[in-house]
Participant: 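Let me give you the structure first, and then I'll get to my questions.
In this chain, numbering begins with 1 at the start of the sequence shown. This one's a predicted model, so the numbers in the text were calculated from it and none came from an experiment. As a basis for the values below, the full set of heavy atoms in this structure was taken, side chains included, without hydrogen atoms, waters or symmetry mates.
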Amino acid sequence: MTPLIVQKTLLLPGPSEDDQRAHDQRITDASGFDRLTIPLAVLKRLPDLVRENPSLPCIIGRVGDGYRLIDVGTARSYSVALDLGTTNLVALLYDNIARTDVLTRSLENPQIEYGSDIMTRMHHAMSTRRDEVYRALLTGINTLIWDLCKEAGIEGREIHAVTVAGNTVMSHFFLGLDISTIPVAPFVPVVRTPGFLRASELSLAVNPEAAVYVFPNAGSYVGGDITAGILASGMFRSGKTSILIDVGTNAEIVIGNREWMIVGAGAAGPALEEGITSIGKRAKRGIIYDVEIQGKNIACRTFDQGKPEGICGSGMVSLLYELYRSGMVDQSGALTSGEHIRDINGEKAFVISCNGADGLLITQGELHNFMKSKAAMFTLLLVLTRSVGISFGDIENVYVAGALGTGINAEKAVGIGMLPAWPAGIVRPLGNSSLAGARMVLADADLVQRVDEIAGKITYKHMHDDPEFMKEYLGAVFIPHTNPEMLKA
């Protein structure tokens, strides 16, 4: 396993009458790498460094089929794995020398000023505000990198690689590429496999020669975040048929194994995040991820045991299950009556009074929004499995990533009909699989080839106007389903 970035201290004998090799030849020969590229900026620094240091620390990056001398004369080296989320940007700082994670930080994507959904941002990017939309993302990324450096006590020039995973549109924003052909037929992106670039080409606040790897997309609707997620799950290595469920701003579902993969996508995700429920939040300290109702008592579990400040996707799954189990919502998701149900401005609402929570409530309308999302989630799974001629019982591994994959209780998800009745033991939460895949490439450069192979195997199934999807969806907007037999695995 060869890391993306390695440090080698090269012993460089001085020039003589018998050894008149140029400095670049000496370094290439001493490195042991036949295809070593030395950028002009590094060449300019070599004479003084070689003269003063017979043993020269070198930072070398694996870039595609060759290698690049990224930096010289430094004993420290770091990389960043970056998840380009529509809602949040998440970055992990990796120590290339110790080969360990240093810290992870996130930041709300500043592009949210131009719309919380990707389509609104694309509309702005196709207008006179194009430069603003693109600049907002770059500013957010560099702010996040600066925050990482400040907290870790390092300098940006000590970051020698960045791996980037995001959906197709976000990746194009990052690369500064036109997105106008992505949302219209025949839905063609500018680039499928960006590969490796220099940080200087992208104006990143890292070493200008840093190797920047952008995960490939498999079309307009299957981005690098999905290929990174497939990598993180390991399903691409297995002969067993697995499912990867990635629920964020949208829901993407991957079914397959090492021989084949099919992806379907749909709008099942928004009710699991901010914007649909007034107290909906991404997973962080103080956010509810599990609820238990016993009579008049409500118990909540929050991340890092903080005081409840909101609820994430897995918390909504748990809450709806507990409300249904305790009889406070009926099969249609309508609130009935109970100790914690109130009338708020003419609309019923459930008050989440637990662990010191203050003012947290879910309205009837928000519950119905969530019912639509859970129905869309199940229907995506149903239609996609049928499309490849398999049943839920044929699935041997279920990987749940994204907003839903943080703290999910599989039994409760089954109980409300969001997931089929898979045994809890085969359901595995992955958390942020996009970030995890990006981090894996930092540790093992050989995975770059695997990622390209993964992208090449993916078939995309369009689900937005699929007639079977619309027919089956109607039965899923109930708890657990109008026909519970459909949930069997």
Participant: Can a salt bridge be assigned to the pair K412 and E322 using a cut-off of 4.0 Å between side-chain N and carboxylate O?
Facilitator: yes
Participant: Report the distance from atom CG of L148 to atom CD1 of I159, rounding to the nearest 0.5 Å.
Facilitator: 6.5 Å
Participant: I want to check something: taking the side chain as every heavy atom from C-beta on, are V164 and I141 in contact at a cut-off of under 4.5 Å?
Facilitator: no
Participant: Taking S391's backbone N and O only, do any of them form a donor-acceptor pair with D394's side chain (distance below 3.5 Å, no angle check)?
Facilitator: yes
Participant: Do any N or O atoms from the side chain of E472 and from the backbone of F378 form a donor-acceptor pair under 3.5 angstrom?
Facilitator: no
Participant: Taking the side chain as C-beta and beyond, is there a heavy-atom pair between M316 and K374 under 4.5 Å?
Facilitator: no
Participant: Checking the side chain of S318 only, and the main-chain atoms of V291 only, is there a donor and an acceptor separated by less than 3.5 Å?
Facilitator: yes
Participant: Look only at the side chain of R192 and the backbone of A455, and say whether a donor-acceptor pair between them is shorter than 3.5 Å.
Facilitator: yes
Participant: Could you pull out all residues at least two apart from Y114 that satisfy side chain to side chain donor-acceptor pair (under 3.5 Å)?
Facilitator: E132
Participant: Would you say that M440 contacts T163 through its side chain, given a criterion of any heavy-atom pair below 4.5 Å between the two side chains?
Facilitator: no
Participant: Can you name the residues that form a side chain to side chain donor-acceptor pair (under 3.5 Å) with E468, not counting sequence neighbours?
Facilitator: R386
Participant: If only atom types and distance count, is the side chain of S31 paired as donor or acceptor with the main-chain N or O of T28 below 3.5 Å?
Facilitator: yes
Participant: Please lay out, stage by stage, how C149 and I154 fare under the test side-chain contact (heavy atoms from CB on, under 4.5 Å).
Facilitator: CA-CA 5 Å; C149 291; I154 68 172; 4.0 Å; yes
Participant: Just so I know, are the side chains of L202 and L175 near enough to count as touching, which here means a heavy-atom distance under 4.5 Å?
Facilitator: yes
Participant: Is a donor on one side and an acceptor on the other found under 3.5 Å between the side chain of S171 and the backbone of G166?
Facilitator: yes
Participant: Among R68, H160, R198, exactly one meets side chain to side chain donor-acceptor pair (under 3.5 Å) together with E209. Which residue is that?
Facilitator: R198
Participant: Is D304 paired with R285 through a side-chain N to carboxylate O contact shorter than 4.0 Å?
Facilitator: no
Participant: Who passes ring pair (Phe, Tyr, Trp, His ring centres under 6.0 Å) against F236, sequence neighbours left out?
Facilitator: none
Participant: Counting only N and O atoms by type, is there a donor-acceptor contact under 3.5 Å from the side chain of S326 to the main-chain atoms of I293?
Facilitator: no
Participant: Is the number of heavy atoms from other residues, nucleotides or ligands under 6.0 Å of E411 CD greater than 12?
Facilitator: no
Participant: Does D34 CG have over 12 foreign heavy atoms under 6.0 Å away?
Facilitator: no
Participant: Determine whether I5 and L442 make a side-chain contact, defined as any pair of heavy atoms from C-beta on separated by less than 4.5 Å.
Facilitator: no
Participant: With no hydrogens and no angle check, is any side-chain donor or acceptor of E158 less than 3.5 Å from a backbone partner on Y78?
Facilitator: no
Participant: Please work out whether the ring planes of F392 and W422 are parallel, tilted or perpendicular, with thresholds of 30° and 60°.
Facilitator: perpendicular
Participant: Would a distance-only check, ignoring hydrogens and angles, find a side-chain to backbone donor-acceptor pair under 3.5 Å from S238 to M235?
Facilitator: no
Participant: Let me confirm one number: the CG-CZ distance from D95 to R76, rounded to the nearest 0.5 Å.
Facilitator: 9.0 Å
Participant: Is it the case that atom CZ in R428 sees more than 12 heavy atoms from other parts of the structure closer than 6.0 Å?
Facilitator: yes
Participant: Considering only heavy atoms from C-beta outward, does the side chain of S77 approach that of Q7 to under 4.5 Å?
Facilitator: no
Participant: Apply the side chain to side chain donor-acceptor pair (under 3.5 Å) test between N432 and each candidate in D83, T104, N88; give the one that qualifies.
Facilitator: D83
Participant: If I take atom CD1 from residue I390 and atom CG from residue L384, how far apart are they, to the nearest 0.5 angstrom?
Facilitator: 8.0 Å
Participant: Quick check against the 3.5 Å criterion: does R439 have a side-chain atom that pairs as donor or acceptor with the backbone of Y94?
Facilitator: no
Participant: Is the shortest heavy-atom distance from the side chain of L231 to the side chain of T227 under 4.5 Å?
Facilitator: no
Participant: Quick one: are Y460 and I226 in side-chain contact, heavy atoms under 4.5 Å?
Facilitator: no
Participant: Would you say OH of Y134 has more than 12 non-hydrogen atoms from neighbouring residues, nucleotides or ligands within 6.0 angstrom?
Facilitator: yes
Participant: Per the side-chain contact (heavy atoms from CB on, under 4.5 Å) rule, which among L107, L435, L84, N109 passes with V90?
Facilitator: L435
Participant: Do other residues, nucleotides or ligands put more than 12 heavy atoms under 6.0 Å from the CZ atom of R450?
Facilitator: no
Participant: Has H123 got more than 12 heavy atoms of other residues, nucleotides or ligands less than 6.0 Å from its NE2?
Facilitator: no
Participant: Once you measure the plane-to-plane angle for Y67 and F33, does it fall in the parallel (<30°), tilted (30-60°) or perpendicular (>60°) bin?
Facilitator: parallel
Participant: Within this structure, what is the NE2-CG distance for the pair H172 and N217, rounded to the nearest 0.5 Å?
Facilitator: 6.5 Å
Participant: If you measure only the distance, is there a donor-acceptor pair under 3.5 Å linking the side chains of S434 and D225?
Facilitator: no
Participant: Please test T143 against L89 for side-chain contact (heavy atoms from CB on, under 4.5 Å), starting from the C-alpha separation and ending with a verdict.
Facilitator: CA-CA 10 Å; T143 298; L89 307 175; over 6 Å; no
Participant: So, taking the atom named CD1 in I253 and the one named CG in L381, what distance separates them when rounded to the nearest 0.5 Å?
Facilitator: 3.5 Å
Participant: As an exercise, state the distance from CD1 of I362 to CD1 of I352, rounded to the nearest 0.5 Å.
Facilitator: 4.5 Å
